[in-house]
S.K.: 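Mind having a look at this structure? Questions to follow.
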Amino acid sequence: MLATVWFVLAAPIAVANDDKSAPIAEREAVIDALTTKADPNDDDWTTEILADKAGKQLKKLGNVWAEAGDKRAEQSLFLFAEDAKIGDLRPDPHETKHIGNITVHRYGISPADRTASAGDVKKSLTELLKHFSDAKPIRTKFKTVGVREVDAKHFEIDVIYQAVGQHTDGRNVQHTGEWTLVWHKSEEGNLRITTLTQHRLDEVLMPLNQFVDCTRGVIADEAIWSPQLAHGCEYWFGRVDAVGEINFMGHNGIAVGDVNGDGLDDIYVAQGTGLPNKLLVQQPDGTVIDTAVQAGVAWLDDTKSVLLVDIDNDGDQDLLCAIGPTIVLCENDGSGEFRPRRGMRASTPASFYSLAAADYDGDGDLDIYGCRYVKLSYGVSVPVPFQDANNGPANHLLRNDGKRGFVDVTREVGLHINNARFSLAATWVDYDEDGDPDLYVTNDFGRNNLYRNDGGKFVDIAAEAGVEDQAAGMGASWSDIDLDGDLDLYVSNMFSSAGRRIAYQSRFLREGSSPVRSGVQRHSLGNSLFVNNGDGVFEDRSELAQVRLGRWAWGARFTDLNNDGYEDVVVPNGFLTNLYKDDL
Amino acid sequence: MASQPSLIKEDATSASMGEDYVNGWAATTKLMAAGKSWSGNERNCVQLNCGDGTFVDISAATGLDFLDDGRAVASVDWDGDGDLDIWLKNRTGPQLRFIRNDGGEGRSFISLELEDHKGNRDAIGSRVKIVADDKPYSRVLFAGDGYLSQSSKRLVIGLGGAMKIQEVTVTWPDGMTDSIDGLEVNKAYRIVRGKSAEIIPPRNVPTIPERAPEAKPGPAARLVLKVPLPLAPSLKKNLAVANTSGPTLVSLWAHWCKPCHVELREFLRTTEDFEKAGLQLVPLNIDGPSRQSDAETLWREISSEVPTDVELQFGTTQATAAVAALLEHVREKPVDSIPLPVNLLISPDGQLQVVYLGVVDVDEILRDAGTYGRNTVKASKRFQFDGRWYFRVPRDIAGLVELLKAAKLEDAAAFYENALRKP
């Protein structure tokens, strides 16, 4: 996460006195000063300077691995002290699994192995990279997630190591490991690794071309591709008239459904301000035709969540679009053409983000829950407090009353409780199998809600069920991951290396109370997996199950990729990639 | 983004976090708007369920670790071959990706469509359980999960190679269950509540060609204003816009801007077309007084090639400030320097209609002069792409006033302030 924000959080929390608030000009100067602060070297956080320096060294190591072929291990030696200690990086696998055509070797390091012993660095690295073909480059990523000063001359960092290349037998090979590196700083400021301890290593071997990018094979039509879909917000921002919501964050969703009843799934695609939403209707050959204009749903307004559901139970897929603070219902005439029927507008201007539909009251039609995230806009509507924000806009449950339209029943069903969070997504699921759908709401900057449906009234039992997951939540997905018959929960959150490094320093928030500190610390840890115990309580298995690393994870979804029956997880992520490569 | 500090002030609760905290957010917002990345260039992740309660990272091995700013993901057996393909929606270009799954092939599956006539027709909220090889696989039918995403309602359930189905149970949204006998692997069925399952004939599986999107630079920007902006008289003066019966194209250029020269030559070569369209060309140089003579020399060179009546105009520092303010207002993006070439299409009634950034095609300008150069254009027709607006949103004139004041264009600011006061 943005270093500025973490640094600012590091300052002691003071109760501001309104009378003392600075005049705007002065304040802008402060803000300007803060914008230059993102370079850790400008700051007095020595651990960040160390992490930055070590990171640069590891990047050099990555360059060697990319290019050096059979000289990889040898050319890596520049990074290690002469008497460096390094363990056996690829001992006999602790565990080997064959999952379809994927082979997984797990090198769980036993406690005895953890103690690094003096060894031959070159031999260890050669062994580590044994399966990678010398002829193909290895792509690496080292994420520094912890940093500690040991003494005046030494510090250590925790690193998530990832590498991908081609196996000597032609398959893909991927490593994910966890290391602790002890560094020595010479008086000239040179850094050398004195100890490399490997906590675990997963090695995956997988055939090539299991997943094929056929984007232009499906969207073959140049007219909808090049002038529009080929480009994202980093391009369109500043290229559309800034009336309405700015096309910047890219919170525009997709919905799959068969809009014309021909038995083939189609996809409706939301876009930002000024760009028309697309209705991509599948043809028998698998390609699509954009029928949005003639179908009457080429909305140019910024559209976030979209759903294709049969709202009026007439056997076709109607369309719901979240446009600003309004949920727009367009009724399908059965042929894939739509007529706008109703716009359900919230009483405050906050935009709707994710929508989710279910029949909560069992009356036979679908009701709609809409999440709202920020009162005005991101960065302006500041979450307070950061780690447990309770100043967000209200979410709404709209009851479907058939021909009479929709009624906001949020309060009368009890969903107004804990309803001022920064909500990004919701899922309806009957997790307790009592015949009505319960509601899980994922919130940024704090705790999530699990509203148990008790015959049409809701009670937030997230805390007692153990699924509050106080973090930067963005999405949720459910699956019976272990085939024990009950549904388990996966929550996509923010994973931030900078946050992990900074928030665990002893000086971080030292004047804050311990729940504040731990709450903020939790914020950068990453995704969560809650395994259902079957008795209404979930167990947090995120670390054990190794699901943390999802990066800046928006929606994660369970999807069985290899038809083995166990659902895997696909995690779209990344916040803002813009013109300037340097990251905040 | 000049209006932010005042907006922050309105949020009284934020004061409890301390001013540094609030200012930190404001700084963040400013940096984002200035085009900095933030947790950008992150690769998508894929985690393989190992079947023992743990997952393993296979992001790179699958090749699904795109660098896109991913947002939404939906799974669907798009081509009907019995495994789940993937649609991804991104913030960055390409905005969409379709990924064909060839990884499930050869392993058995069953595909189910549900229909509920007692409850919601789509049977959203139902759960199916399939027992095969003594393993109970279950799926829930969602309408919205993950983030901003909805996946297919046709459930495709991998069976891990099992060739015989022992049990199929559908738990409908109200908790009632149906058990269905006699279903076979590798087939698709429609299950209507209370009735037996009917088989869906297999589809002729199309071969969707592999073709990844290529990265291409985007076209020059053409902003058709959703709501036209009447220009204050002082701004018209700054931009050397005369009162004419036709539209005006103000073409901003500078000596250092090579693409501007190319564009001006092109404009002058097509003077006749400009005249036919009744379009008045105003080449407005913004080099400033110190380079005025260089600009004049260059203009003589350009205009000598084609006889023209078009007169070169020189913009003052106020003209530059006015254009910067207008651009920031229209784009809501900070303007450090004017991204030349910039062209402004203004209708006869003095309203700013279209803003072009970068080198524009003359034909496009002439087309726009025909469409937007008249005084009234239906709001619903106002964009470069076909589509319709759901909302009418007014221009943020108050924001423009602030920008003009900051640029010391007091007359223009006063004009818009007056306009705001009128009902």
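Chain letters run A, B, ... following the sequence lines, proteins first and then strands; every chain starts at 1.
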S.K.: Given heavy-atom pairs under 4.5 angstrom as the criterion, report whether the side chain, backbone, both or neither of His117(B) touches chain A.
M.R.: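 Interface part for His117(B): neither.
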S.K.: Could you look at Tyr235(A) and say if it's the side chain, the backbone, both or neither that has a heavy atom under 4.5 Å from chain B?
M.R.: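 Only the side chain of Tyr235(A) comes within 4.5 Å of chain B.
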S.K.: Can the ring centroids of Phe575(A) and Tyr378(A) be said to lie less than 6.0 angstrom from one another?
M.R.: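 So the answer is yes for these two rings.
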S.K.: Identify which part of Ile219(A) has an atom lying under 4.5 Å from any heavy atom of chain B, answering side chain, backbone, both or neither.
M.R.: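 Contact with chain B: side chain only.
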S.K.: Using non-hydrogen atoms only, which part of Phe142(B) is less than 4.5 Å away from chain A: side chain, backbone, both, or neither?
M.R.: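 For Phe142(B), side-chain heavy atoms alone lie under 4.5 Å from chain A.
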S.K.: At what distance, to the nearest 0.5 angstrom, does CZ of Phe109(B) lie from CG of Asp83(B)?
M.R.: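 CG of Asp83(B) is found 8.0 Å from CZ of Phe109(B).
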S.K.: Side chain from CB out, backbone as N, CA, C, O: work out which of these in Asp85(B) comes under 4.5 Å of a heavy atom of chain A, or both, or neither.
M.R.: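 Contact with chain A is absent: no heavy atom of Asp85(B) under 4.5 Å.
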S.K.: Are the charged groups of Asp564(A) and Arg107(B) less than 4.0 angstrom apart, N to O?
M.R.: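 The answer is no: the pair does not qualify as a salt bridge.
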S.K.: Between Arg97(B) and Asp213(A), is there a side-chain N and carboxylate O pair less than 4.0 Å apart?
M.R.: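 So Arg97(B) pairs with Asp213(A) through a salt bridge.
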S.K.: Can you tell which of Asn172(A), Asn313(A), Val306(A) has the highest number of heavy-atom pairs within less than 4.5 Å of chain B?
M.R.: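 Option with the greatest count: Asn313(A).
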S.K.: Is Val570(A) in contact with chain B via its backbone, its side chain, both, or neither, using a 4.5 Å heavy-atom distance?
M.R.: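 Its backbone and side chain both get close to chain B.
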S.K.: Checking Lys304(A) against chain B: side chain, backbone, both or neither under 4.5 Å from a heavy atom?
M.R.: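 Both backbone and side chain of Lys304(A) come within 4.5 Å of chain B.
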S.K.: Please look at Glu433(A) and chain B and tell me whether the side chain, the backbone, both or neither of the residue comes under 4.5 angstrom of a heavy atom of that chain.
M.R.: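 Answer is side chain: those atoms of Glu433(A) sit under 4.5 Å from chain B.
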S.K.: For Ser354(A) and Tyr147(B), work out which heavy atoms get closest and say how close.
M.R.: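 For Ser354(A) versus Tyr147(B), the nearest heavy atoms are OG-CD1, 3.6 Å.
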S.K.: Counting only non-hydrogen atoms closer than 4.5 Å, does Val212(A) touch chain B with its backbone (N, CA, C, O), its side chain (CB onward), both, or neither?
M.R.: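 Answer is both: backbone and side chain atoms of Val212(A) are under 4.5 Å from chain B.
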S.K.: Does the pair Lys89(B)/Asp69(B) count as a salt bridge with the N-to-O cut at 4.0 Å?
M.R.: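 The answer is no: the pair does not qualify as a salt bridge.
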S.K.: Name the region of Pro173(B), side chain, backbone, both or neither, that has any atom closer than 4.5 Å to a heavy atom of chain A.
M.R.: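 Pro173(B) touches chain A through backbone heavy atoms alone.
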S.K.: Side chain, backbone, both or neither: which part of Leu327(B) has a non-hydrogen atom closer than 4.5 Å to chain A?
M.R.: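 Neither part.
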S.K.: Return yes if a side-chain donor-acceptor contact under 3.5 Å exists between Gln95(B) and Asp68(B), otherwise no.
M.R.: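 No, because no side-chain N or O of Gln95(B) sits under 3.5 Å from a partner of the opposite role on Asp68(B).
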S.K.: Where does Ala230(A) contact chain B at under 4.5 Å (heavy atoms): side chain, backbone, both or neither?
M.R.: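 The backbone, not the side chain.
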S.K.: Measure Val46(B) against the heavy atoms of chain A and call it side chain, backbone, both or neither at under 4.5 Å.
M.R.: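 Contact with chain A is through both the backbone and side chain of Val46(B).
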S.K.: List the steps, then state whether salt bridge (Lys or Arg N to Asp or Glu O under 4.0 Å) holds for Lys153(B) with Asp265(A).
M.R.: CA-CA 9 Å; Lys153(B) 292 175 204 73; Asp265(A) 267 320; over 6 Å; no
S.K.: Parallel, tilted or perpendicular: which one describes the rings of Trp25(B) and Phe386(A), with boundaries at 30° and 60°?
M.R.: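 Correct class here is tilted.
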S.K.: Which bit of Leu355(A) comes within less than 4.5 Å of chain B, counting heavy atoms only: side chain, backbone, both or neither?
M.R.: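 Backbone of Leu355(A) only, per the 4.5 Å heavy-atom cut-off to chain B.
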S.K.: I'd like to know if Arg154(B) pairs up with Asp77(B) as an ion pair, taking the criterion as any Lys NZ or Arg NE/NH1/NH2 lying under 4.0 Å from an Asp or Glu carboxylate oxygen.
M.R.: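 Looking at Asp77(B) together with Arg154(B), the answer is no, because their closest N to O distance does not fall below 4.0 Å.
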S.K.: For Ile208(B), is it the side chain, the backbone, both, or neither that has a heavy atom closer than 4.5 Å to a heavy atom of chain A?
M.R.: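 Answer is both: backbone and side chain atoms of Ile208(B) are under 4.5 Å from chain A.
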S.K.: To check you understand the geometry: which heavy-atom pair defines the closest contact between Ala61(B) and Val204(A), and what is its length?
M.R.: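 Here Ala61(B) and Val204(A) meet closest at CB-CG1, 4.2 Å.
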S.K.: What residue, out of Ala358(A), Gly257(A), Ala425(A), Pro284(A), has the most heavy-atom pairs lying under 4.5 Å from chain B?
M.R.: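 Looking at each option in turn, the highest pair count goes to Pro284(A).
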S.K.: Let me know if Val73(B) has heavy atoms under 4.5 Å from chain A in its side chain, its backbone, both or neither.
M.R.: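 Answer is both: backbone and side chain atoms of Val73(B) are under 4.5 Å from chain A.
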S.K.: Between Leu96(B) and chain A, which part of the residue has a heavy atom less than 4.5 Å away: side chain, backbone, both or neither?
M.R.: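 Both backbone and side chain.
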S.K.: Between Gly53(B), Ser59(B), Ser151(B), Ser138(B), which residue shows the highest count of heavy-atom pairs closer than 4.5 Å to chain A?
M.R.: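 Maximum pair count with chain A is reached by Ser151(B).
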S.K.: Using non-hydrogen atoms and a 4.5 Å limit, figure out which bit of Arg43(B) sits close to chain A: side chain, backbone, both or neither.
M.R.: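 For Arg43(B), the contact with chain A is made by backbone and side chain together.
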S.K.: Which one, Thr176(A), Val164(A), Ile254(A), Ile99(A), leads in non-hydrogen pairs under 4.5 Å with chain B?
M.R.: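 Greatest number of close heavy-atom pairs with chain B: Ile254(A).
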S.K.: Could you look at Ala553(A) and say if it's the side chain, the backbone, both or neither that has a heavy atom under 4.5 Å from chain B?
M.R.: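 No part of it gets close to chain B.
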S.K.: Report which part of Ile481(A) has an atom under 4.5 Å of a heavy atom belonging to chain B: side chain, backbone, both, or neither.
M.R.: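 Ile481(A) touches chain B through backbone and side-chain heavy atoms alike.
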S.K.: We want to know whether Asp57(B) and Gln162(A) form a side-chain donor-acceptor pair, criterion being a heavy-atom distance below 3.5 angstrom.
M.R.: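 Yes, because at least one side-chain N or O of Asp57(B) sits under 3.5 Å from a partner of the opposite role on Gln162(A).
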S.K.: Side chain from CB out, backbone as N, CA, C, O: work out which of these in Trp428(A) comes under 4.5 Å of a heavy atom of chain B, or both, or neither.
M.R.: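 Only the backbone of Trp428(A) comes within 4.5 Å of chain B.
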S.K.: Heavy-atom distances under 4.5 Å only: say whether Pro394(B) touches chain A with side chain, backbone, both or neither.
M.R.: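 Contact with chain A is through the backbone of Pro394(B) alone.
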S.K.: For the interface with chain A, which of Arg71(B), Arg395(B), Arg331(B), Glu42(B) has the highest count of heavy-atom pairs at distances below 4.5 Å?
M.R.: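 Of the options given, most contacts go to Arg71(B).
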S.K.: Considering only heavy atoms and a distance below 4.5 Å, find which of Val429(A), Val531(A), Asp434(A), Val328(A) pairs most often with chain B.
M.R.: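 Heavy-atom pairs under 4.5 Å are most numerous for Val328(A).
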S.K.: Identify which of Val218(A), Leu549(A), Asn277(A), Asp359(A) forms the greatest number of heavy-atom pairs closer than 4.5 Å to chain B.
M.R.: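 With the most close heavy-atom pairs to chain B, the winner is Val218(A).
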S.K.: So, do Asn101(B) and Ile86(B) sit near enough that their side-chain heavy atoms are less than 4.5 Å apart?
M.R.: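 Of all side-chain heavy-atom pairs linking Ile86(B) with Asn101(B), none is under 4.5 Å.
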S.K.: Identify which part of Thr171(B) has an atom lying under 4.5 Å from any heavy atom of chain A, answering side chain, backbone, both or neither.
M.R.: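 Contact with chain A is absent: no heavy atom of Thr171(B) under 4.5 Å.
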S.K.: Taking Glu567(A) first and then Arg557(A), would you say they form a salt bridge - that is, a charged N and a carboxylate O separated by under 4.0 Å?
M.R.: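 So Glu567(A) does not pair with Arg557(A) through a salt bridge.
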S.K.: Chain B heavy atoms under 4.5 Å from Pro227(A): which part of the residue, side chain, backbone, both or neither?
M.R.: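 Both backbone and side chain.
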S.K.: What part of Ile102(A) gets closer than 4.5 Å to chain B, counting heavy atoms only: side chain, backbone, both or neither?
M.R.: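 The side chain, not the backbone.
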S.K.: What part of Asn209(A) gets closer than 4.5 Å to chain B, counting heavy atoms only: side chain, backbone, both or neither?
M.R.: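 Asn209(A) touches chain B through backbone heavy atoms alone.
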S.K.: Side chains of Trp554(A) and Ser492(A): do they bring a donor and an acceptor to under 3.5 Å?
M.R.: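 Their side chains do not contain a donor-acceptor pair, so the 3.5 Å distance test is not met.
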S.K.: Counting only heavy atoms not in Lys97(A), do more than 12 fall under 6.0 Å of its NZ?
M.R.: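 Enclosed: over 12 neighbouring heavy atoms sit under 6.0 Å from NZ of Lys97(A).
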S.K.: Do you know which of Asp202(A), Leu544(A), Leu487(A) has the most heavy-atom pairs under 4.5 Å to chain B?
M.R.: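 With the most close heavy-atom pairs to chain B, the winner is Leu487(A).
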S.K.: Would you verify whether the NZ or CZ of Arg100(B) falls within 45 degrees of the ring axis of Phe98(B) while also being under 6.0 Å from that six-membered ring's centre?
M.R.: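 No, Arg100(B) does not sit over the ring of Phe98(B).
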